[in-house]
Amino acid sequence: MIRPVIAALVAILASAAHARTDLPLRPDRHVSFDTREGTWMSLDASSDGKTLLFDILGHLYLAPSAGGAAKPLDAGMSFDTQATFSPDGRRIAVVSDRSGADNVWMMDAEGAHPRQISRADDEAPLVSPAWSPAGDAVFVSRFRADLQSYELWRFDVSGKSQLIVPVRDRPGAPRAEWRSTLGAVVSPDGRYLYAARHLGGVSLDDLDEWTIIRRDLVSGEEVTVAARPEGPRKALDPGAAFRPALSPDGRTLAYADRVENQTELRLRDLVTGADRRIAFPIAHDQVQALAWQDLVPRYAFTP
């Protein structure tokens with residue numbers, strides 16, 4: 001039985017490795033393995049609900065949602081991760097270092113015809129690509145090591161790029177105003193963007209507070225959708241809400257929440273405000289670490 005939100009996947013994996021000739025390095029050995037489980041696997045579900053797409057150890061796989069053997073989509077030395085289906089299910093967007101640096105790549109749903117759509121040539125990690133509803137662009141967060149924060153970019157499939165949410169609005173902005181934006185997803189009508197938000201540079205020593213915000217892509221106005229309620233408990237445990245996922249009709253928001261050093265998965269009705277826990281605990285989050293694979297792995301709604 002497939003539950004409304006897929007938080008984990010058990011599948012039989014088969015590894016295939018063939019050396020690529022267009023990478024700066026060449027392999028001198030191959031490793032193969034069989035497994036029925038994995039950790040920190042970001043996944044997505046196809047628009048018809050029949051296929052799951054996930055990553056493990058830097059490679060991509062497709063598997064029937066009803067269960068069965070997984071099919072590898074890529075091979076070689078590149079580290080491919082956080083893949084997601086386009087809205088029509090015909091393409092995949094993925095973060096890959098096959099060009100020598102993290103970039104957003106696009107390929108057919110069966111792994112053919114890979115094409116680079118961002119052109120970075122530095123060491124900045126890219127995190128959590130997400131398609132626009134029209135399938136004409138990919139939103140992705142980029143880690144700024146100099147500011148210890150994440151900015152949000154939009155890359156059109158045509159190659160154009162736009163910085164959507166910078167870390168700071170002006171060079172001299174105080175640290176308390178710096179913004180991190182992670183795990184963005186866009187509403188089905190294309191009007192709103194939901195994302196995890198943190199103010200101030202990311203700290204590895206403290207429990208950072210994250211909230212879920214909704215940003216109007218026309219006006220730029222933002223409102224907070226999910227956050228720890230004010231009260232005495234918040235001073236000791238600020239809490240964190242992150243990794244938003246939207247149902248296909250845009251009404252239900254799934255998100256992760258840090259509660260007393262455990263991470264739970266919650267659902268919120270965006271119309272009524274009703275909010276409930278559906279899984280506890282899930283994979284331990286990266287709130288006190290560098291979230292280069294986001295704060296928890298991607299989960300996805302079935303159609």
Any ion pair linking [Y] and [X] (charged N to carboxylate O, less than 4.0 Å)?
{"X": "K71", "Y": "E110", "value": "yes"}
{"X": "E222", "Y": "R179", "value": "no"}
{"X": "E264", "Y": "R266", "value": "yes"}
{"X": "R144", "Y": "D146", "value": "yes"}
{"X": "D156", "Y": "R154", "value": "yes"}
{"X": "R91", "Y": "D108", "value": "no"}
{"X": "R298", "Y": "D44", "value": "no"}

Assess R98 against W105: is NZ or CZ under 6.0 Å from the centre of the six-membered ring, and within 45 degrees of the ring's axis?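 Yes, a cation-pi geometry.
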Geometric cation-pi criterion, R243 with Y255: 6.0 Å, 45°: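 Not flagged: R243 not positioned over aromatic ring of Y255.
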More than 12 heavy atoms of other groups within 6.0 Å of [X] [atom1]:
{"X": "R90", "atom1": "CZ", "answer": "no"}
{"X": "D121", "atom1": "CG", "answer": "no"}
{"X": "W292", "atom1": "CH2", "answer": "no"}

Which distance, rounded to the nearest 0.5 Å, do you find between the CD of E37 and the CE of M41?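 Taking CD in E37 and CE in M41, the distance rounds to 9.5 Å.
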Out of curiosity, L290 CG to L295 CG, how far, rounded to the nearest 0.5 Å?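 Answer for the CG-CG pair, L290 versus L295, is 10.5 Å.
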Donor-acceptor pair, side chain of [X] and main chain of [Y], under 3.5 angstrom:
{"X": "D208", "Y": "V202", "result": "no"}
{"X": "S65", "Y": "G49", "result": "yes"}
{"X": "S180", "Y": "Y150", "result": "yes"}

Nearest non-hydrogen partners of L57 and F79, listed with the distance: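 Scanning both residues, the minimum pair turns out to be C-CE1, 4.1 Å.
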Identify the heavy atoms of A195 and A184 that sit nearest to each other, and give their distance.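 Of all heavy-atom pairs spanning A195 and A184, the closest is CB-CA, 3.9 Å.
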Residue pair D285 / T263, side-chain donor-acceptor N/O under 3.5 Å: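 Yes, T263 and D285 have a side-chain donor paired with an acceptor closer than 3.5 Å.
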Have T81 and Q293 got a donor and an acceptor in their side chains that come within less than 3.5 Å?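 Yes.
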Which class fits the ring pair F54 and Y61: parallel under 30°, tilted 30 to 60°, perpendicular over 60°?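 Answer is parallel, since the angle falls under 30°.
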